[in-house]
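Reviewing the structure listed below.
Numbering starts at 1 and runs along the sequence shown.
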Amino acid sequence: MTLWLSTGLIFTFAAIALILYKWWDVQCIGVTPVRTLTFIAILFTSGLDVGLIMFPLTEFGSYADLSASPEYGFANPLAIEFGFWAFLIWGFYFLTCFYFAIIEPRVKFFEIPVVKIINNVVIIGTCAFTAYLLLVNLPWYLPQLGDGETVMPAFYVIVFAAIALAVYSSSKIKYVRILSIGSSVLFIALIAGMWLRAFAMGKGSPADFFGTAGMLGEYFTNIHRFALPINDYHEFYLFWWFSWSIMIGQFTARFVSGIKTWQLLIAMLVVPSIAIGVWFSVLFHYHAEGLKIAAMTNLAMISVGVLMVVNSLDSLIRLYTDNLNLTARRMGRMNYVIVNFGVMVLLTMLFQLDFLRIQWVGALVIGLYFACFAYILANKRAEVAAIKSSPKENILDFRKIELAG
């Protein structure tokens, strides 16, 4: 699996370099374009989940324990955490977003029946894994509701409510803008609120913040170390990112706002990484100073995290239902909600039984990468080489999302 993953990573970075070399200045327009800030909000909230909010507090300590994990010794824990979540790996999303916006309309690889089936298996499986992660981590996130280890009935209620809300919101595409912008605003408010709380406790001056954020520099001086798996845990993260990459690319491609390829790269790598870097710096400051997370702060973190899960599930459910023509318009909203809610709950339970693993999904996605490239070389090389613009049918009209179903 490590060799397969490493080969996939090398291929991905090479493909990104090729895209930038050949189509650096191409204007990228999606099927239903939105303003650039809205596009970034959709990307950020759809491409992440509750793990971004809560995982760092559980991981900083393990990255600092060099006796147990000496392989992390090349950088500080904040830089390691940032490397697992930000910058370089967002290139996966750039690659797939560009592909689905510019190349796939000419290639139609994902319309081949067997590929379509595999693609939707990937989407549905990863969607359920997102809900599963929320479920199994809620005992740690909300110890007030249990013993901090056991999954209590209340946690099932929270997860099933998040699934139900996501299924309902996915029935109309206009909801994605409301959810994404709302989640982004609340995330910014959470960052500000936590830093103000630290400042009120005498532990959060501007100098403290910039000093902590400066530690992120060790990521960039060691960026090459994150290009291939560091250990099994990093391997898990990388497979997880691969599993998300194709579906997030498919989903976000429809909203691309008419920016150039190089601007799309900045929008997808740099802007989300700034937000992640700021958030992780705040969390690491709490960790380093031994500041406790107050009950209300913890509740706010959980609320934002659950809303991000809803965002992610919303985008993924909409994607596979569109692909399979199981839309709310065709099925009726009530049937749509009932069927998709049942599917998501069932698969979430299968992950809990250890019947499925996200690494398998990520490995399958790498296989799709290779198969797509081979298909282009064998059948569509001339069509791809001739690309000089977005598909002609994609018009830069920001009103189209209001008219979409």
Side-chain angles (χ1 to χ4, degrees), residues 34 38 41-54 123-139 141-142 145 151-190 244 247-248 251-252 254-255 298-324 326-352 401 404-405:
V34 296
T38 302
I42 291 172
L43 166 69
F44 186 75
T45 54
S46 299
L48 293 166
D49 60 21
V50 69
L52 174 80
I53 304 297
M54 306 299 290
I123 295 169
I124 295 170
T126 308
C127 194
F129 181 72
T130 299
Y132 160 76
L133 274 184
L134 175 62
L135 177 64
V136 297
N137 285 289
L138 276 174
Y141 298 159
L142 289 172
L145 297 183
V151 177
M152 309 292 286
F155 300 145
Y156 286 98
V157 172
I158 293 171
V159 173
F160 293 166
I163 293 173
L165 180 57
V167 171
Y168 181 82
S169 66
S170 71
S171 64
K172 279 193 174 292
I173 199 169
K174 66 180 182 181
Y175 293 148
V176 71
R177 180 165 57 183
I178 299 170
L179 272 173
S180 298
I181 294 176
S183 299
S184 299
V185 170
L186 290 175
F187 181 60
I188 292 170
L190 176 64
W244 276 79
M247 54 196 178
I248 294 301
F251 182 68
T252 56
R254 67 180 64 183
F255 302 112
N298 189 58
L299 183 60
M301 292 172 69
I302 289 296
S303 299
V304 172
V306 170
L307 192 56
M308 281 190 169
V309 170
V310 172
N311 268 277
S312 299
L313 294 179
D314 168 283
S315 59
L316 304 184
I317 292 168
R318 181 181 293 109
L319 186 58
Y320 78 71
T321 53
D322 283 350
N323 289 345
L324 297 173
L326 300 174
T327 61
R329 179 176 296 176
R330 179 170 178 263
M331 298 176 63
R333 182 172 291 185
M334 183 61 69
N335 291 334
Y336 174 90
V337 170
I338 291 172
V339 169
N340 284 288
F341 177 77
V343 168
M344 285 299 102
V345 168
L346 175 62
L347 287 175
T348 300
M349 295 300 101
L350 287 177
F351 268 109
Q352 191 176 20
I401 193 170

Minimum heavy-atom separation for [X] and [Y], please, with both atom names.
| X | Y | answer |
| --- | --- | --- |
| Ala131 | Ile163 | CB-CD1, 4.0 Å |
| Leu134 | Ala162 | CD2-CB, 4.5 Å |
| Ile123 | Tyr320 | CG2-CB, 3.8 Å |

Are any non-hydrogen side-chain atoms of [X] and [Y] less than 4.5 angstrom apart?
| X | Y | value |
| --- | --- | --- |
| Ile42 | Arg254 | no |
| Phe187 | Leu307 | no |
| Phe44 | Met308 | yes |
| Ser180 | Asn311 | yes |

request  = Tell me, with the steps shown, if Leu43 and Phe255 meet side-chain contact (heavy atoms from CB on, under 4.5 Å).
outcome  = CA-CA 9 Å; Leu43 166 69; Phe255 302 112; over 6 Å; no
Separation between CG (Leu138) and CG (Leu133), nearest 0.5 Å, reads 10.5 Å
Value for CD1 (Ile317) from OG (Ser312), rounded to nearest 0.5 Å, stands at 10.5 Å
Residues pairing under salt bridge (charged side-chain N to carboxylate O under 4.0 Å, His left out) where one sits in residues 156-169, two or more places apart or in two chains, turn out to be none
N-O pairing of Asp322 and Arg318 below 4.0 Å
no
Quiz prompt | Step-by-step side-chain contact (heavy atoms from CB on, under 4.5 Å) determination, Met247 to Asn323 | solution = CA-CA 11 Å; Met247 54 196 178; Asn323 289 345; over 6 Å; no
Using the six-membered ring wherever Trp is involved, compare the ring planes of Phe160 and Phe341 and label them parallel, tilted or perpendicular (cut-offs 30° and 60°).
perpendicular
